[in-house]
Every structure is written in C-alpha cells, then in structure tokens.
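To start, the structure under review is shown below, and the notes come after it.
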Number of protein chains: 2
Amino acid sequence: MKSVKIPSITIYRLSVYARNLAYLDKKNVEVISSEHLADICGINPAQIRKDLAYFGEFGVRGVGYYVKDLLYQLQKILRQDRQWHLGLIGVGNLGAALLQHTHFLKQGYVFVAAFEKDEQKIGKRVGNIIISDIRNLEDVTKKTGMEIGVIATGRSSAQEIVDRLVDAGIKGILNFAPIQLQVPENVFIEYVDFTIKLDVLCYRISSNERERSKLNSIFPKAGSNDKKY
Amino acid sequence: MKSVKIPSITIYRLSVYARNLAYLDKKNVEVISSEHLADICGINPAQIRKDLAYFGEFGVRGVGYYVKDLLYQLQKILRQDRQWHLGLIGVGNLGAALLQHTHFLKQGYVFVAAFEKDEQKIGKRVGNIIISDIRNLEDVTKKTGMEIGVIATGRSSAQEIVDRLVDAGIKGILNFAPIQLQVPENVFIEYVDFTIKLDVLCYRISSNERERSKLNSIFPKAGSNDKKY
DNA sequence: TAGATTGTTAATCGATTAACAATC
DNA sequence: TAGATTGTTAATCGATTAACAATC
C-alpha cells in the first residue's frame, strides 16, 4: 500500500534519459548499455539502473536496453504520452519567448492561454495566443482547460497569482519569478532561476582564480601548466 | 592549505539569502534571525547558519544578523560586488528575451556581445547589442572582454560552440541547450532546463492523482476532504 | 541577570556508487 | 559455454537537521 517515495532528482534524471533516448532513436541506435547511456547523460551507470529499478525491469541482462522500448516506458511513466495545457501569466520578454518556444510543442506542452495586467498588451496576439486580461484568470483557466500555470511576472505579484491559480484548480506551477512561493500540499511547484545559476557560476570562477593565484605565489609556473581534458 | 570544498547547493542558497536580504533591506528591516530568514527562503534555520559558517561568523548571538552587513558580506563572497560581462550565443526567441532581461543589469550582469549564424540577424540590434557573426566569436570575445558564455542555441551546435568559447578563454558557461556538455576542469558550467522541470511537474501531478484515485476507491470521500494550507 | 539566538557538534537522513550474483 | 550487462545489495559518501554550549 505505502509506495516508496521517489525522489525528485530521480524523476529529473528520468527526463534526461528520455531525452537522450529519443536522440539515440532518431540516430537509429537500437540497443544501449547503462554504461554508454551514462556517458551521454554525464551520470554514473549504477545510478541509471537504480533509477529505473524504482519502476520495474526494463533491460535485458548481457544485452542492455532496447532504445525504443525504454523510451516508450519512460514516456509512459512521465506522462509524456499526452498533451499538457499550459497557461502563461506575465507576457514580458521572457513570457513572450516561452509562448513561442517551439521545443515545448514537440514535447507535448501547449499554451492555451496567456494573461497580462497591462492594458496595452491585452487582446494582442503572441504566437498562437491572444493575450487575456488577468482579471479573467479564473474564467479563462476553466474555459481553456489550463492545467499548469507558468509564472513569468515580477516578484511582487507572483504569490497573489499563485493563490488565484490554486483556487481555480491548477495543480502545477512553473515559476520564473525570483521568489519562494506558498502552495497547498496537493499543488506542485518547480522553480527556474537563471540569475542564481549565474551567481553560482561567478562564485566558482572567482574562487577558482583565488585558488590558482594562491598556488602560483607558492609554486610559480604550476598553474600555467594547463592540460587538455 | 587544503580548503574545504563548498558544495554548489550552499552557494546556490547563499544567492537566495542575498536576494531576500536585498528585499528586506529595501523594506528597511535592519535585523533578522536565522529563523525568520529561513521562513522567507523556505529553508531550515540550521541550514542557513551552517551555510554561513563555511565563510565566517556574521551574526550576533542573542540578536540575529544585521541585514545590511550580511548582505554586504554575501555580495563580496559571491563577487556580486563587480560587473560581469556576458556573451549570448544564439539569438532566437529565448536569446533575445535574455538580452533584454532588465533584471540581469540590476544584478551586475551585462551583455557585451551576441552571436548568430543566421545572416538575416547579423548586424541587427537587440536591446543595446548589435548581433555579431558567429564566425567572429573568438575575436569579439577578446575585444569585448566577454567572461561568460550564455548558450541559447539548439542541441546540435552547442558542443562546438563550447569548445570554441573555451579556446577563446571563457571560464564559465550558462547553458540553455538541452544537452550535456564537456568542458575542461577549470571551466564551469551551469544548466538551465525548464522542459525537464515541466516533466517533473507533470509526473508529480499524475502520480498524485493516481495515488488519490487509489485512496478514493478504498475510502470513498476521503480525498475530497480538502484542507486549506 | 534572564532571554534570545548564534555557531558548532553529533545524529540522522538520504543519495550515490561499488560490487556481485543473476541471467541473457 | 563464455562473455556481457542487468538488477540489487551493502558500503560509502555527503547533506540536513536537532540539540546545546557559547555568548550577546
């Protein structure tokens, strides 16, 4: 009865596997070992086998995994075997780019609505979508069968929008706004935050340089002996 | 000599703390406890104190942290106390949105160049940047003092571009292309991948529904007894 | 001083990986 | 059968958190 709680990071990797299997399939690769797939994904092969074991046995011992078959199984697990209806809130530069992001469509994600508070933008078309008034959020959400809200507003309005989406019955939120949001436990939220990733990058570069200049002052020349990878 | 390796996730959280401290400072909050800050960031208070302890003692026992002071210290650690020069490769919908992303500027990130292979786009202006020919990547990188490459191309060209950026001396890459990239060990890379996040979201929604319908068939009504959070 | 909150240790928790029996 | 690779266990590694002495 009590099923094992599967970690988010495992699901994340499943999606990486599926993506790369789709690529291999397109290249007409028919069979792949966990070791080779691990190479492509930048992951440990035991990790892959462990991740898959949460859901069943998909491989053939001594052989590996049939690409088409494993891909099919993963798509079923991830519910990539159907369309998902997205709604965008906040049609700024980023929001507009997401509306026109063709990669989503290939993956089964379709925007069915977009919302703005800016009167100038309401009624305009971006991609295939006519922008709605944010005041009609609840109505349009229900009419269009929106299932997932994509938040591309600023920090200040994000929580209020989330509350309204939750009340309207939305079960998932992809948040691009730089703020931690509150949702009830049967609603799920994922954060996309590239400013933080830039911060991490800059820290790593700086601390690497600090490290090197320290080494250089002790062993002059040592740091300049760069190897190719 | 051998300094403790600080986990990426700690740096990630440091950036979250800094962001929220900046917000608190703007609201004229002067002192904050780890418990309250933890609330805002959606993190355990012991976690915050542990993360900070990697870098020093920034608080006052019995009091908490002075917002302005801690913010200043974090910005110094993260090297947010200077400008960073970004270069964009691939000016599609997403790339163009990033070029015009005003939030970056506030954080000290400035695009100094953008590159395309599409002749139609070369020479056009987006935001403050004139798009360069990708063939001049190495030249323009050096001339503009580009430090970080932001990859917003498709999967197929990403690795080749990374190799050229690395040869041109770039030390950090923010990658939006859906592919695992190879870099030498003194070059750092961060991935932004919102399609995967959508996949995780859909899995969570689906598995939650599967769970609920299972419960409902055993204890009818149980699932409909929704509590507010 | 009494109350509060930090900095830090030690315990807990969870995720990764090596190793190998099972088996194609 | 011999060789290869999975599925799974057990060991390792690392991150989170509770607890509390230090101290403002």
Side-chain angles (χ1 to χ4, degrees), chain A residues 2-17 20-21 24 29-71 73-74 77 180 196 200 203-204, chain B residues 2-17 20-21 24 29-71 73-74 77 180 196 200 203-204:
Chain A
K2 187 77 201 162
S3 55
V4 189
K5 164 60 162 121
I6 294 152
S8 267
I9 186 91
T10 286
I11 306 303
Y12 187 97
R13 283 189 301 251
L14 250 41
S15 170
V16 173
Y17 306 153
N20 284 291
L21 286 164
L24 288 165
V29 177
E30 298 194 345
V31 179
I32 194 163
S33 66
S34 60
E35 192 175 341
H36 189 191
L37 183 58
D39 262 3
I40 296 171
C41 301
I43 282 173
N44 178 297
Q47 185 79 267
I48 294 186
R49 301 200 297 273
K50 188 98 205 276
D51 285 339
L52 296 177
Y54 282 111
F55 298 94
E57 304 192 2
F58 304 112
V60 183
R61 291 171 198 225
V63 176
Y65 300 89
Y66 289 101
V67 172
K68 264 191 208 308
D69 177 54
L70 183 55
L71 175 57
Q73 299 290 345
L74 289 180
I77 292 167
Q180 177 74 19
I196 295 188
V200 173
Y203 172 82
R204 288 253 165 263
Chain B
K2 187 77 203 167
S3 56
V4 189
K5 168 47 165 132
I6 294 152
S8 266
I9 186 90
T10 286
I11 306 303
Y12 187 96
R13 284 189 301 252
L14 250 40
S15 171
V16 173
Y17 307 153
N20 285 290
L21 286 165
L24 288 164
V29 178
E30 296 194 347
V31 180
I32 194 161
S33 66
S34 59
E35 193 173 342
H36 189 191
L37 184 58
D39 263 3
I40 297 171
C41 300
I43 282 172
N44 178 296
Q47 184 79 266
I48 295 186
R49 301 200 296 274
K50 188 99 206 276
D51 284 339
L52 295 177
Y54 282 112
F55 298 93
E57 303 192 2
F58 305 112
V60 184
R61 290 170 198 227
V63 177
Y65 301 89
Y66 290 100
V67 171
K68 265 191 209 305
D69 178 53
L70 183 55
L71 175 57
Q73 299 291 344
L74 289 180
I77 292 167
Q180 177 72 20
I196 295 188
V200 173
Y203 171 82
R204 287 252 164 266

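Letters go in sequence order (proteins before strands), and every chain restarts at 1.
Following rounding to the nearest Å, Leu37(A) (CG) and dT5(D) (P) show an atom-to-atom distance of 14 Å. What separates NE2 of His36(B) from C1' of dT5(C) is a distance of 15 Å, to the nearest Å. Counting to the nearest Å, the P atom of dT12(C) and the CG atom of Asn44(B) are 16 Å from each other. Between the P atom of dT17(D) and the CD1 atom of Ile43(B) lies a distance of 9 Å, rounded to the nearest Å. A straight line from CD1 of Ile48(A) to P of dT5(D) spans 14 Å, rounded to a whole angstrom. Here dC24(C) presents its P atom at 17 Å from CZ of Phe58(A), a figure rounded to the nearest Å. For Arg13(A) and dG14(C), the CZ to P distance is 16 Å, given to the nearest whole Å. If you measure from atom CD of Gln73(A) to atom P of dG7(D), you get 12 Å, rounded to the nearest angstrom.
The side chain of Arg61(A) lies closest to dA22(C) when the candidates are dT8(C), dT17(C), dA22(C). Comparing atom distances between the Val60(B) side chain and each of dT17(C), dC24(D), dT17(D) picks out dC24(D) as nearest. With dT6(C), dT6(D), dA19(D) as the choices, the nucleotide that has an atom nearest any side-chain atom of Ala46(B) turns out to be dA19(D). For Glu57(A), whose side chain is taken as the heavy atoms from C-beta onward, the closest listed nucleotide among dT8(D), dT16(D), dA15(C) is dT8(D).
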**OP:** Report the secondary structure of DNA chain D in dot-bracket form, marking unpaired bases with a dot and bases paired to a different strand with |, and treating Watson-Crick or G-U pairs with both distances under 3.5 Å as paired.
**Re:** ..||||||||||||||||||||||

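Rounding to the nearest 0.5 Å gives a distance of 7.5 Å between CD1 of Ile77(B) and CG of Leu52(B). Expressed to the nearest 0.5 Å, how far CZ of Arg13(B) lies from OG of Ser8(B) amounts to 11.0 Å. Within the model, atoms OG of Ser33(B) and CD1 of Ile48(B) stand 8.5 Å from one another, a figure rounded to the nearest 0.5 Å.
At the phosphate of dT5(C), neither OP1 nor OP2 sits under 4.0 Å from any side-chain N or O atom of Ser34(B). Side-chain N/O atoms of Arg49(B) include none lying less than 4.0 angstrom from OP1 or OP2 on dG7(C).
At a threshold of 4.5 Å between non-hydrogen side-chain atoms, the residues Cys41(B) and Leu37(B) count as touching. Two residues are said to be in side-chain contact when any heavy atoms from C-beta on lie closer than 4.5 Å; Tyr54(B) and Pro7(B) meet this criterion. Between Tyr203(B) and Leu14(A) there is no side-chain heavy-atom pair separated by less than 4.5 Å. Looking only at side-chain heavy atoms (C-beta outward), Leu21(A) and Tyr65(A) stay at 4.5 Å or farther from each other.
Mapped onto DNA chain C by nearest heavy atom, Gly62(A) and Tyr65(B) fall at different nucleotides, with Tyr65(B) at the one closer to the 5' end. Between Lys50(B) and Asp51(A), the one whose closest nucleotide on DNA chain C sits nearer the 5' end is Lys50(B).
Using a 4.0 Å heavy-atom criterion, one finds that Pro45(B) contacts no nucleic acid atom at all.
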